[in-house]
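The next block holds one structure in the form of structure tokens; read it before the comments.
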Amino acid sequence: MKDGSSSETVVEPRIFLSPRSGTVGVGLAIAGFAVGAIVSVILVGIVVALTHDRVVRGLPVETSAVTVADLAGLWAGLVGAAVMASRLLGSRHAAADLRLRLRAWPDVPLGIAVGLGFQLLLLPVLYLPFVASHPHLSKTLSKEGVTLTSHVHTAGFVIVALLVVVGAPIVEELFFRGLVLGSLEAWFGKLGRRIGVVAAIVVMGVFFGFAHWEGPLVAYGLAVFGMVLGILAKCFKRLGPGIVAHASFNAAAVVALALVR
């Protein structure tokens, strides 16, 4: 099969080919997320116990260390689920099975345009209906990020920023647009190809939004963004454009947080 953006021949991975494989994939995704959440809680508890009252340059180290532990625990579950799905249903090469491919063209410029465009242009439009009822909407949406970074020393902020801009896009695209979207598409296949794809993208987007729960308003915006990333994955049959879009979206948020530190 030919990828529409390149003359290179792309061999479709043999994974998620039936409703049964979709059911297994969905089960693995739920289990992986649950295990990651549990491991995250355990690691955060250990880090808090070890770093309590410790300071670096007069600032507490708990915030950045806890963030690293939180992400490491969660990501272990997400990546573990993707790898297990590949072993049980695919070729045992998770990157290939879940289309973890990136091309300089058009993935990079397209991804940057989508990520920044959504963060700076579309997201404000999505929240227009809520402005009247939430006069301090911008503060509400950025509260978690400001709280997370306001008392972090410079080195800790850089580490957290790298995890958010580089690590999160790769891990989360592999999990949500690779494992979850592929599983749901197979699961909803009995509804028909087009309806199944639309249902898979919508459900995956909602899952993505709630997985980043910081309140209903934040979940709403991220759910829509998750659907946009799902459309990119389906259109290009690889995760590259979504990874760059995700990274650009997060980078814009990180820069905004850096400016208010």
Side-chain angles (χ1 to χ4, degrees), residues 3-5 16 25-26 29 33 78 82 98-131 137-138 141-142 144-145 164-188 191 193-256:
D3 190 320
S5 62
F16 307 135
V26 169
F33 189 83
L78 303 190
L98 301 177
R99 301 184 175 94
L100 185 60
R101 301 191 301 270
L102 172 66
R103 296 175 184 164
W105 177 265
D107 298 10
V108 173
L110 175 64
I112 292 174
V114 171
L116 294 183
F118 193 94
Q119 179 70 264
L120 303 177
L121 300 176
L122 184 55
L123 203 58
V125 172
L126 289 175
Y127 284 116
L128 280 178
F130 305 100
V131 171
L137 181 61
S138 60
L141 296 176
S142 61
E144 183 72 18
V164 170
V165 176
V166 179
I170 296 174
V171 173
E172 293 184 5
E173 291 310 302
L174 180 68
F175 181 78
F176 288 102
R177 262 61 67 180
L179 172 59
V180 175
L181 181 58
S183 301
L184 288 172
E185 187 179 352
W187 203 33
F188 287 124
L191 300 177
R193 180 171 176 78
R194 291 186 179 180
I195 296 177
V197 170
V198 172
I201 289 174
V202 171
V203 174
M204 176 278 301
V206 172
F207 182 20
F208 180 71
F210 277 88
H212 295 79
W213 183 263
E214 292 174 10
L217 288 175
V218 174
Y220 157 69
L222 291 179
V224 177
F225 185 52
M227 295 175 201
V228 171
L229 295 176
I231 293 171
L232 283 178
K234 287 302 301 176
C235 288
F236 289 87
K237 297 182 173 58
R238 61 180 182 273
L239 302 182
I243 289 173
V244 179
H246 198 153
S248 301
F249 178 88
N250 287 0
V254 168
V255 170

Check ring-ring contact (aromatic ring centres under 6.0 Å, His included) between Y220 and all other residues, then give those that pass, not counting sequence neighbours. Y127, F130
Would you call V203 and F207 a side-chain contact if the rule is heavy atoms closer than 4.5 Å? no
Any side-chain heavy-atom pair of F16 and L98 under 4.5 Å: yes
Check for a donor-acceptor pair, side chain of D107 on one end and backbone N or O of L102 on the other, with a separation under 3.5 Å. no
Dump the intermediate steps for side-chain contact (heavy atoms from CB on, under 4.5 Å) on L181 and K234, then the final yes or no. CA-CA 9 Å; L181 181 58; K234 287 302 301 176; 4.2 Å; yes
Grab the two heavy atoms, one from S248 and one from G111, that are nearest each other, plus how far apart they are. OG-O, 4.0 Å
Smallest separation among heavy atoms of P241 and L110, with atom names: CB-CD2, 4.4 Å
Distance check, rounded to the nearest 0.5 Å: F33 atom CZ versus F176 atom CZ? 6.0 Å
Can you tell me how the ring of F118 sits relative to the ring of F225, calling it parallel under 30°, perpendicular over 60° and tilted otherwise? tilted
Under 4.5 Å between any side-chain heavy atoms of V218 and W213, yes or no? no
For E173, enumerate each residue passing the side chain to side chain donor-acceptor pair (under 3.5 Å) test, keeping only those at least two apart in sequence or located in another chain. R177, H246
Could you tell me the separation between the CG atom of L239 and the CD atom of E172, rounded to the nearest 0.5 Å? 12.5 Å
Can you find a heavy atom in the side chain of L179 that is under 4.5 Å from one in the side chain of L174? no
Test side-chain contact (heavy atoms from CB on, under 4.5 Å) on R99 and F236 and set out the steps. CA-CA 10 Å; R99 301 184 175 94; F236 289 87; over 6 Å; no
Quickly, which of L222, V165, V254 forms a side-chain contact (heavy atoms from CB on, under 4.5 Å) with F249? Name it, please. L222
Specify the closest pair of heavy atoms between A104 and P109, including all atoms of both residues, with the distance to one decimal. O-CD, 3.4 Å
What distance do E185 atom CD and I201 atom CD1 have between them, rounded to the nearest 0.5 Å? 8.0 Å
For the pair V244 and I112, evaluate side-chain contact (heavy atoms from CB on, under 4.5 Å) and give the outcome as yes or no after the intermediate values. CA-CA 6 Å; V244 179; I112 292 174; 3.8 Å; yes
